[in-house]
Number of protein chains: 2
Amino acid sequence: MARKVGSHAGTTGPRVRAAALRLFAREGYAAVSMRAIAAEVGVQAGALYLYTPDKQTLLFDLMREHLEEVRAAWAAVRPDPAPPAERLAAFARFHVNHHIDRPEAVFIAYMELRALTPENFARIEALRRAYEGELEAILREGACSGAFRLPDARLAARALIAMLTGVTTWYRAGGPMSRAEVAEAYAALALRAVGAPA
Amino acid sequence: MARKVGSHAGTTGPRVRAAALRLFAREGYAAVSMRAIAAEVGVQAGALYLYTPDKQTLLFDLMREHLEEVRAAWAAVRPDPAPPAERLAAFARFHVNHHIDRPEAVFIAYMELRALTPENFARIEALRRAYEGELEAILREGACSGAFRLPDARLAARALIAMLTGVTTWYRAGGPMSRAEVAEAYAALALRAVGAPA
DNA sequence: GTCTATATCCAGATAGAC
DNA sequence: GTCTATCTGGATATAGAC
């Protein structure tokens, strides 16, 4: 434990997190050395420990910030009193648009769970489950009201989130489809998957 | 380069690959040492190099074998002259059932692509694209015949494969749903997603 | 706040005995 | 076919100068 995070943070702290995000996403947490992060930032390895107590906390903070940002962004645009189909369409468009802009954070949040200590994993998993619960609640409500036809709300929520998140594995800006077209296509797939007219 | 693979292989060769599969899936390629693999097998680290020229080739062989097995298994059960909806349902059930039994290989094949050398990556990517192409062809044919309503065959193939593969992130034997029920639920979602009555 | 230097440990891979 | 021993390099993290 070197010191508390943030007490001296100027601009180097954010640059350390940005470099770690980029490198962890590209090479994987275990394959990235503190030396490599330091080189990306332009400081020596020892200086990193002014901004994070250790490498594990650096990873954990990146994941936590990503998941908290997703929840806050959805809470800000969520149509609250609205029919299930409209809420599902909004969720699908939001999820695709939000994730398409943060492929590195998404990659880390889904792929480096195994690199977390058990305590940190439990905290991240709770955040992930809370977000998944937002979709599950929409699906459950639609199933009850008869707007959706579902095999199982929990299974469908997991299936749809996997489908929507998958956009980050292939979408690149400058391709034949715009972000909005892609989001619309995924929303149409999601709506039809639960038996709602798209 | 230590030696050619297989020339002395008795039972230790397969046990090395099984141990590597298990450990790479649990900890990640970069986080697993050759010593750890050796300990899992019950030999010394140096002995591993009788069965693989290096760690990279061990990973590549695991991925290649997995992808070749998927394609062969699908070729064996694929309903060839059949209407698109039936072929899509068969593909979805096959994909879920096949992947649900191999969560470790699936995890590695999708998560450790970045750990491959460029040459090895290109070869693995070609195999993955070929498999994706099987689904894409079904969707394209269904779209042409009017059986399916799709935004874009390529996008839909990617979206559906991501959705179906996602089953490996949560399904565990002994849960409330059987394998067959889960496969059926995913098949229903897939069929409806492309506008075919499930 | 960043540096250099270093303690301590473990990595992949090879050599050669048995 | 497996062992022990070892080469060489790089890892995380810390200490202390400036």
Side-chain angles (χ1 to χ4, degrees), chain A residues 1-24 26-62 108 112 114-117 119-120, chain B residues 1-24 26-63 108 112 114-120:
Chain A
M1 289 303 211
R3 53 184 289 286
K4 293 210 184 63
V5 179
S7 62
H8 294 213
T11 66
T12 310
R15 291 181 60 225
V16 168
R17 282 193 291 280
L21 183 78
R22 197 160 48 241
L23 290 174
F24 288 166
R26 194 190 311 151
E27 323 257 358
Y29 172 79
V32 174
S33 68
M34 294 298 270
R35 279 176 177 80
I37 298 171
E40 187 92 348
V41 176
V43 298
Q44 294 297 315
L48 295 182
Y49 293 88
L50 295 169
Y51 305 99
T52 182
D54 50 38
K55 193 184 172 192
Q56 166 73 206
T57 304
L58 191 49
L59 173 66
F60 172 72
D61 285 342
L62 290 174
I108 292 173
E112 299 294 358
R114 63 193 169 188
L116 293 171
T117 61
E119 303 76 35
N120 285 344
Chain B
M1 288 303 212
R3 52 185 291 285
K4 293 209 183 63
V5 179
S7 62
H8 292 215
T11 65
T12 310
R15 292 182 58 225
V16 167
R17 283 193 291 280
L21 183 76
R22 198 161 44 241
L23 290 174
F24 287 167
R26 194 190 310 149
E27 323 258 358
Y29 172 79
V32 174
S33 67
M34 294 297 269
R35 282 172 175 81
I37 298 170
E40 186 93 347
V41 175
V43 297
Q44 293 297 315
L48 295 182
Y49 292 88
L50 296 169
Y51 305 99
T52 183
D54 50 38
K55 192 184 173 191
Q56 166 73 203
T57 304
L58 191 50
L59 174 65
F60 173 71
D61 285 341
L62 290 174
M63 288 193 185
I108 291 171
E112 298 295 356
R114 63 193 168 185
L116 293 171
T117 61
E119 304 76 33
N120 285 343

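The figures here come from the full heavy-atom set of this structure, side chains too, leaving out hydrogens, waters and symmetry mates. Just so we're on the same page: letters track the sequence lines, and every chain starts at 1.
Protein atom CZ of B/Arg35 is 11 Å distant from nucleotide atom C1' of D/dA5, rounded to whole Å. Atom CD1 of B/Ile37 and atom C1' of C/dG12 are 11 Å apart (whole Å). Between the CG atom of A/Leu58 and the C1' atom of D/dA11 there is a distance of 16 Å, given to the nearest Å. Rounded to an integer number of Å, the gap from NZ of B/Lys55 to P of D/dG9 is 19 Å. D/dA13 atom P lies 5 Å from atom CG of A/Asp54, rounded to whole Å. The OH atom of A/Tyr49 sits 4 Å away from the P atom of D/dA13 (whole-angstrom rounding).
Residues forming a side chain to side chain donor-acceptor pair (under 3.5 Å) with A/Arg114 (at least two apart in sequence, or on another chain): B/Glu112.
Contact annotation: B/Ser33 does not reach the phosphate of C/dC10 (side-chain N/O to OP1 or OP2, under 4.0 Å).
In this structure, CG on A/Leu21 lies 4.5 Å from CD1 on A/Ile108, to the nearest 0.5 angstrom. The OH atom of B/Tyr51 sits 9.5 Å away from the CZ atom of B/Arg15 when rounded to the nearest 0.5 Å. Atom CG of B/Asn120 sits about 8.0 Å away from atom CG of B/Leu59, to the nearest 0.5 Å.
A 4.5 Å side-chain heavy-atom check between B/Leu58 and B/Leu48 finds every atom pair outside the cut-off.
Within 4.0 Å of A/Val32, counting heavy atoms only, lie sugar-phosphate atoms of the nucleic acid but no base atom.
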Atom pairs, N/O to N/O, protein against nucleotides 2-5 of chain C, distance under 3.5 Å?
| unit_1 | atom_1 | unit_2 | atom_2 | d |
| --- | --- | --- | --- | --- |
| C/dT2 | OP1 | A/Thr12 | OG1 | 3.3 |
| C/dT2 | OP2 | A/Tyr51 | OH | 2.3 |
| C/dC3 | OP2 | A/Gln44 | N | 2.5 |

Listing, residues 29-46 of chain B side-chain donor-acceptor contacts under 3.5 Å, not counting sequence neighbours, or none:
| unit_1 | atom_1 | unit_2 | atom_2 | d |
| --- | --- | --- | --- | --- |
| B/Tyr29 | OH | B/Gln56 | N | 3.3 |
| B/Ser33 | OG | B/Ala36 | N | 3.0 |
| B/Glu40 | OE2 | B/Arg22 | NE | 2.9 |
| B/Glu40 | OE2 | B/Arg22 | NH2 | 3.1 |

